[in-house]
Undergrad: 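Quick one: this structure, given as structure tokens, is what I'll be asking you about.
Computed from heavy atoms alone, side chains included, the values below leave out hydrogens, waters and symmetry copies.
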Amino acid sequence: MLGKRNEIDQLAGQQWDLLVIGGGITGAGVMLEAARRGLKVLLVEQRDYAWGTSSRSSKMVHGGLRYIAQGDVKLTRHSLLERERLLKELPGLVERATYLFPLRKGVFPGRWPMKAVLWLYDFLAGIRDHRYLSLQQVKERAPALNTDGLTGAMCYTDALTDDCRLVMRTLLEATRHGGVAENYLQVTGVAREEQGFSVSLHDLVSDQKRTVQAKQVVNATGAWADRFSGSEARVRPLRGSHLFVDPERLPVSDCLTVMHPEDGRPVFVFPWEGVTCVGTTDLDHPQDMDIEASASNQEVEYLLTLINSQFPGRAISREDVFATIAGVRPVIASGKGVDPSKERRDHAVWGDNGVVTVSGGKLTTFRLIALDALLATGLISEGEHRKGQKTKAAMYSKLEAAPPAVDDFLHANQDDDDFFDWLLEQEAVQHLDDLMLRRTRLGLTRPQAGVAVLERRREQIKAALGWDDERWEKELSRYLDIHQQFYGVPVAPVVDNRKAG
């Protein structure tokens with residue numbers, strides 16, 4: 001298990017086969033695939049695990065219907081096969097969900113183009129799971145949906161997950177195979193040496209600095225990849241934001257794919273961990289990457305406009321939003337200046353001065369991305385790479401010592417005593433935002449940032465983490481500031497309606 005953090009001196013005194021920089025889903029996947037092959041691997045993350053993009057995605061393990069429309073059938077096929085693998089191996093963490101694509105008179109695509117696309121989609125996945133719903137059936141399943149021009153809907157399935165918990169589950173699995181992972185451990189330099197690499201580390205918890213030796217280094221830092229790649233910039237950071245809405249005000253039972261009235265972009269409205277999630281946007285993110293991304297007022301207005309156009313009787317406002325998230329996608333730039341939504345979502349692996357950099361790609365295909373990265377390091381052969389791509393051997397096995405919520409997270413009570421004990425003892429929690437925004441999602445799915453949970457569990461948390469009252473107050477203030485600034489709802493601009501003169 002991850003357990004308590006290792007002292008930096010313990011890490012510095014060892015020779016590592018592989019050092020992975022970045023604790024998101026790509027880094028976790030590289031760590032797991034390396035550890036499963038008996039390699040001695042260390043993963044370091046400068047913030048918390050899944051702090052970046054991997055806790056802020058659209059929560060979907062899917063093939064991507066729009067990739068078929070863009071002609072990228074290969075990416076769709078790989079994604080769908082990996083989706084089916086994860087559905088089989090982690091049934092309580094990756095779960096099949098019903099999607100509805102409403103059809104409206106005179107709006108492209110219509111019933112028959114969608115039927116053709118969904119036939120191919122299911123064929124690539126090896127299932128048959130789509131059908132047409134009549135207007136009456138749609139009204140029964142989504143009674144609040146705008147019926148203007150509505151003629152029916154295409155119904156199909158994809159999968160939902162908790163992206164952050166998928167990262168944590170992958171890290172937990174990797175540690176069972178001997179891998180070591182450390183959060184709040186920053187890489188400050190990577191130097192090529194005769195026998196490998198010398199990597200300078202700064203422990204942000206103890207404020208100690210040491211150097212570790214590794215034969216190979218993989219830079220899996222996502223949107224930050226250009227910092228360590230040593231080559232020209234290749235990543236185009238794109239921000240996607242979501243709203244978490246009070247489910248009593250906006251109840252939905254299926255995942256709805258609806259078109260925005262202003263630009264025709266598809267946006268998802270779906271049930272997730274007890275709330276209704278709405279997203280995503282797709283904008284360039286030119287801001288400082290060291291400052292946590294947050295949803296802009298423009299994005300909140302954009303998503304509220306979508307909600308109220310599709311659910312006109314609900315009058316959803318900012319007061320109905322529990323929280324927001326904004327993630328920065330590491331998209332490999334085409335260099336053609338295309339619209340953000342038209343950039344391809346496949347990954348790239350490249351090297352400079354020996355460091356292997358991997359970025360881009362989809363949450364769903366993290367295992368295949370990891371194999372490509374390991375091939376580039378030379379730690380696995382082309383034969384092992386091909387075998388890994390085709391294998392049906394399971395990646396995950398049951399965590400016998402863990403409470404049920406770890407493997408059955410989507411159906412679990414996140415505010416459970418045994419689960420909290422596990423998180424505090426086994427998952428390297430350092431701050432309250434680790435606990436409330438990533439180990440659990442209580443800070444996103446409960447009103448007022450889940451403060452009621454923290455008040456009730458104050459003594460449990462203090463005892464487990466060795467905090468006194470002063471530390472508790474500092475941590476609580478820190479968490480609430482983070483939530484308000486980066487996960488809250490931005491205040492609407494004041495509009496002055498007074499007439500001049």
Side-chain angles (χ1 to χ4, degrees), residues 1-8 10-55 163-190 196-205 210-225 227-228 330 349 355-359 363 366-367 369-374 376-377 379-380 395-396 426-430 434 438-439:
M1 300 304 103
L2 292 171
K4 302 295 184 182
R5 295 176 78 251
N6 290 287
E7 297 291 334
I8 194 170
Q10 295 176 273
L11 306 176
Q14 303 180 53
Q15 175 69 43
W16 302 92
D17 293 321
L18 174 65
L19 185 138
V20 180
I21 311 172
I25 190 61
T26 299
V30 172
M31 180 187 177
L32 175 55
E33 290 302 315
R36 289 176 65 206
R37 289 162 173 78
L39 296 170
K40 188 173 182 179
V41 55
L42 169 64
L43 177 147
V44 297
E45 163 58 48
Q46 68 173 346
R47 301 287 185 106
D48 186 30
Y49 303 122
W51 179 88
T53 312
S54 294
S55 60
D163 46 1
C164 190
R165 291 305 309 176
L166 182 59
V167 172
M168 296 306 301
R169 184 63 180 83
T170 303
L171 290 172
L172 289 168
E173 192 69 28
T175 61
R176 294 189 352 161
H177 292 275
V180 176
E182 298 294 332
N183 56 357
Y184 297 99
L185 194 56
Q186 182 182 40
V187 173
T188 57
V190 179
F197 295 88
S198 177
V199 182
S200 300
L201 301 177
H202 180 198
D203 190 328
L204 301 179
V205 175
R210 295 290 187 273
T211 300
V212 301
Q213 306 300 316
K215 294 178 183 177
Q216 297 290 338
V217 174
V218 168
N219 167 23
T221 55
W224 291 262
R227 289 189 179 180
F228 292 106
V349 179
V355 173
V356 171
T357 295
V358 55
S359 193
L363 173 75
F366 73 90
R367 187 186 71 89
I369 296 171
L371 290 171
D372 286 352
L374 286 177
T377 66
L379 291 171
I380 65 172
M395 283 192 294
Y396 303 92
Q426 299 294 340
E427 294 197 5
V429 171
Q430 300 300 312
D434 302 344
R438 289 175 289 277
R439 303 301 183 278

Undergrad: Restricting to ring pair (Phe, Tyr, Trp, His ring centres under 6.0 Å), what partner residues turn up for Phe197, sequence neighbours left out?
TA: none
Undergrad: Any non-hydrogen side-chain atom of Leu43 less than 4.5 Å from a side-chain atom of Ile21?
TA: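 A side-chain contact under 4.5 Å is absent here.
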Undergrad: Mind checking whether Leu2 and Gln426 have side chains closer than 4.5 Å, heavy atoms only?
TA: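 They are not in side-chain contact.
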Undergrad: Within a strict 4.5 Å, meaning less than it, do heavy atoms of the Val356 and Asn219 side chains meet?
TA: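 Result no, sub-4.5 Å side-chain heavy-atom pair not found.
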Undergrad: Check step by step if side chain to side chain contact (heavy atoms under 4.5 Å, CB included) holds for Leu201 and Thr188.
TA: CA-CA 6 Å; Leu201 301 177; Thr188 57; over 6 Å; no
Undergrad: Taking only Lys NZ, Arg NE, NH1 and NH2, and the carboxylate oxygens of Asp or Glu, determine whether Asp203 and Arg210 approach each other closer than 4.0 Å.
TA: no
Undergrad: Decide side chain to side chain contact (heavy atoms under 4.5 Å, CB included) for Val180 and Leu11; before the verdict, give the C-alpha distance in whole Å, the side-chain angles of both, and the deciding distance to 0.1 Å.
TA: CA-CA 9 Å; Val180 176; Leu11 306 176; 4.1 Å; yes
Undergrad: Mind checking what makes side-chain contact (heavy atoms from CB on, under 4.5 Å) contact with Ala28, not counting sequence neighbours?
TA: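 With sequence neighbours excluded, Ala28 shows a side-chain contact (heavy atoms from CB on, under 4.5 Å) to Val167, Thr170, Leu171, given in chain and number order.
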Undergrad: With a 4.5 Å cut-off on side-chain heavy atoms, are Leu166 and Phe366 touching?
TA: yes
Undergrad: Are Val218 and Thr357 side-chain neighbours, meaning at least one heavy-atom pair lies under 4.5 Å?
TA: no
Undergrad: Considering only NZ, NE, NH1 and NH2 on the basic side and carboxylate oxygens on the acidic side, decide whether Glu427 and Arg169 come within less than 4.0 Å.
TA: no
Undergrad: Thr211 and Ser198: which non-hydrogen atoms are nearest, and at how many Å?
TA: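 Looking at all heavy atoms of both residues, the shortest contact is CG2-OG, 2.8 Å.
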Undergrad: Leu42 versus Val44: any side-chain heavy-atom pair under 4.5 Å?
TA: yes
Undergrad: Hey, could you give me each pair passing salt bridge (Lys or Arg N to Asp or Glu O under 4.0 Å) that has a residue in residues 13-35? Not counting sequence neighbours.
TA: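 Passing the test, one end in residues 13-35: Asp17-Lys215, Glu33-Arg36, Glu33-Arg37.
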Undergrad: What is the minimum heavy-atom distance between Cys164 and Ser55, and which atoms define it?
TA: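 Shortest heavy-atom contact: CB-CB, 4.0 Å.
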Undergrad: Only one of Gln430, Gln46, Arg47 forms a side chain to side chain contact (heavy atoms under 4.5 Å, CB included) with Asn183, so which one is it?
TA: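 Looking at Gln430, Gln46, Arg47, the match for Asn183 under the side chain to side chain contact (heavy atoms under 4.5 Å, CB included) is Gln430.
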Undergrad: Using every non-hydrogen atom in the two residues, find where Thr26 and Ala220 come nearest and quote the distance to one decimal.
TA: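 Heavy atoms of Thr26 and Ala220 come nearest at CG2-CB, 4.1 Å.
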Undergrad: Quick one, Val355 with Val190, criterion side chain to side chain contact (heavy atoms under 4.5 Å, CB included). Give me CA distance, side-chain angles, the key distance, then yes/no.
TA: CA-CA 9 Å; Val355 173; Val190 179; 3.9 Å; yes
Undergrad: Do you know which two heavy atoms are closest between Tyr49 and Arg438, and how far apart they sit?
TA: O-CD, 3.4 Å
Undergrad: Just verifying a value: how many Å separate Gln216 CD and Leu39 CG, rounded to the nearest 0.5 Å?
TA: 10.0 Å
Undergrad: Is any side-chain heavy atom of Pro330 closer than 4.5 Å to a side-chain heavy atom of Thr53?
TA: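 Of all side-chain heavy-atom pairs linking Thr53 with Pro330, at least one is under 4.5 Å.
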Undergrad: Taking CD in Gln213 as the centre, count heavy atoms belonging to other residues, nucleotides or ligands within less than 6.0 Å. Is the count above 12?
TA: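 More than 12 heavy atoms, drawn from other residues, nucleotides or ligands, come within 6.0 Å of this atom.
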Undergrad: Step by step, would you call Leu19 with Val212 a side chain to side chain contact (heavy atoms under 4.5 Å, CB included)?
TA: CA-CA 9 Å; Leu19 185 138; Val212 301; 3.6 Å; yes
Undergrad: Shortest non-hydrogen contact from Leu204 to Gln186?
TA: CD2-OE1, 4.0 Å
Undergrad: Could you tell me if the side chain of Met395 sits less than 4.5 Å from the side chain of Glu173, heavy atoms only?
TA: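 Contact flag for Glu173/Met395 side chains = no.
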Undergrad: Rounded to the nearest 0.5 Å, what's the gap from CG on Leu374 to CD1 on Ile380? Could you check?
TA: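 Rounded to the nearest 0.5 Å, the CG-CD1 separation comes to 5.0 Å.
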Undergrad: Could you go step by step and tell me if Arg439 and Asp48 meet the salt bridge (Lys or Arg N to Asp or Glu O under 4.0 Å) rule?
TA: CA-CA 10 Å; Arg439 303 301 183 278; Asp48 186 30; 2.7 Å; yes
Undergrad: Looking at every heavy atom in both Leu18 and Ala214, which two are closest together, and how far apart are they?
TA: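 Closest pair (atom of Leu18, atom of Ala214, distance): C-CB, 4.5 Å.
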Undergrad: Distance only, no hydrogens: is a donor on one side chain within 3.5 Å (strictly under) of an acceptor on the other, for Gln14 and Lys40?
TA: yes
